[in-house]
2 protein chains.
Amino acid sequence: MENLRSLFQVMTRRFGLLNKNCCSVGGCDISLIQSHILYEIDNQHNPSMQQIADSLGTDITTFSRQVQSLMKMNLVKKTPDPADKRISILSLTAEGKYIAGSIDQQMNAFLQEVFSQMNEFEKETVIRSIHLLNNAMSKSSACCKPFQG
Amino acid sequence: MENLRSLFQVMTRRFGLLNKNCCSVGGCDISLIQSHILYEIDNQHNPSMQQIADSLGTDITTFSRQVQSLMKMNLVKKTPDPADKRISILSLTAEGKYIAGSIDQQMNAFLQEVFSQMNEFEKETVIRSIHLLNNAMSKSSACCKPFQG
DNA sequence: TAATTTTACTTGCAAAATACAAGTATTTAC
DNA sequence: GTAAATACTTGTATTTTGCAAGTAAAATTA
């Protein structure tokens with residue numbers, strides 16, 4: 001079989017570059033990691049610090065400081081979990097939601113452009129394929145966990 | 001249409017995490033960026049510093065220092081371009097090739113595992129889809145270039 | 001219920017990554 | 001033949017990173 005990794009490497013690098021260039025919203029400069037954090041907070045249900053840090057594969061100490069920055073920028077809010085006082089629930093402020101939405105729009109506009117090069121059938125095939133992939137990855141033991149050792 | 005960005009974000013995050021955890025080869029610890037550099041040098045034809053830096057979207061000054069590290073680790077070699085003395089051609093040493101190959105193997109093993117969850121038809125569809133995507137992305141103006149502004 | 005362990009997070013530090021400014025050397029353009 | 005552009009390196013300052021070590025709260029155990 002052909003080199004699968006190459007295929008994925010090329011694809012994810014391109015998407016990553018896009019992501020990297022996509023994070024300036026109305027004078028407010030957002031770093032790539034910050035944009036990822038906003039995205040995850042926006043897309044998980046009442047997430048804790050630990051949950052988001054795990055999703056992103058960043059150390060919790062690094063993450064803790066990143067959240068501090070985002071709070072200073074007034075994009076993210078921390079609320080103590082009433083049921084467990086150790087836990088901080090993360091959410092976006094109104095401004096944070098606006099920024100996250102704006103990035104989302106830019107990314108989607110780009111992806112629309114990419115997909116506009118395909119016909120209807122190809123589009124559907126590709127989208128279904130990514131669903132398949134995401135599903136398979138989520139079932140895989142190796143995915144998203146450090147290799148032991 | 002559904003949120004395309006979400007689909008891609010999930011997929012590329014998972015692949016990225018894998019990449020991140022995939023870089024330890026026989027006691028030799030390779031960072032994610034370093035692994036990307038090795039990959040690009042291995043997969044481009046007689047690449048210059050600038051070419052690889054551009055491919056990865058890193059500043060040339062940062063990249064210059066990263067190459068210095070990799071040369072100290074004896075994984076990468078610089079050769080002056082005979083036709084243009086300003087240019088340095090990058091290549092992998094034998095050890096660099098071994099490391100790059102080893103990472104490639106680990107990544108492919110993981111991807112095999114992921115694909116093992118699909119039937120033959122699904123596999124082919126997914127692989128063809130990624131080809132389609134990479135093609136479309138390479139044609140897109142927005143891809144891999146900074147947004148103006 | 002008291003002592004121990006685990007979990008969720010924060011801060012101290014030191015190392016690494018980053019990028020802008022300014023440099024050198026070579027090549028291209030006029 | 002001078003000016004401009006290109007390919008890279010180094011100085012410096014900032015940011016990001018993560019381990020170690022801390023606090024505080026919850027879960028487990030005795």
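Sequence lines set the chain letters: A, B, ... in the order given, protein chains first and strands last, and positions in each chain run from 1. All values derive from a computational prediction rather than experimental measurement.
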| message | Using only atom types and a distance under 3.5 Å, with no angle test, would you say the side chain of B/Ser116 pairs donor to acceptor with the backbone of B/Glu113? | response | yes
| task | Mind calculating the distance between CG (B/Asp54) and P (C/dA19) to the nearest angstrom? | result | 13 Å
| request: Please find the earliest and latest nucleotides of DNA chain D, in the 5' to 3' direction, that have an atom within less than 4.0 Å of any heavy atom of chain A. | output: D/dT17 to D/dA26
| query | Any sub-3.5 Å donor-acceptor pair from B/Asp42's side-chain atoms to B/Leu38's backbone N or O? | reply | no
| request: Assign each of B/Lys78 and A/Ile33 to its nearest nucleotide of DNA chain D by heavy atoms, then name whichever residue's nucleotide is nearer the 5' end. | output: B/Lys78
| query | When you measure from the side chain of A/Asp81 to the backbone N and O of A/Ile89, does any donor-acceptor pair fall under 3.5 Å? | reply | no
| message | Would you compute the distance between atom CD of B/Gln66 and atom OG1 of B/Thr61 and round it to the nearest 0.5 angstrom? | response | 9.5 Å
| query | Looking at OG of A/Ser6 and CG of B/Asp104, how far apart are the two atoms once the value is rounded to the nearest 0.5 Å? | reply | 6.0 Å
| Integer-rounded Å distance: C/dA25 C1' and B/Asp81 CG | 14 Å
| task | Measure the NZ-CG distance between B/Lys77 and B/Leu70 for me, rounded to the nearest 0.5 Å. | result | 14.0 Å
| Comparing A/Ile89 and B/Gln34 on DNA chain C - which has the more 5′ nearest nucleotide | A/Ile89
| field | Whole-Å gap separating C1' (C/dT5) and CZ (A/Arg86) | value | 11 Å
| side chain to side chain contact (heavy atoms under 4.5 Å, CB included) assessment of A/Leu133 paired with B/Arg14 | CA-CA 10 Å; A/Leu133 253 178; B/Arg14 289 207 170 117; over 6 Å; no
| Interatomic distance, B/Ile87 CD1 vs C/dT26 P [rounded to whole Å] | 13 Å
| Between C/dA17 (P) and B/Ile30 (CD1): distance, integer Å | 11 Å
| note | Separation between CG (B/Leu4) and NZ (A/Lys123), nearest 0.5 Å, reads 9.5 Å
| request: For DNA chain D, determine which residues of residues 56-70 of chain A have any heavy atom closer than 4.0 angstrom to one of its atoms, and list them numerically. | output: A/Asp59, A/Thr61, A/Thr62, A/Arg65, A/Gln66
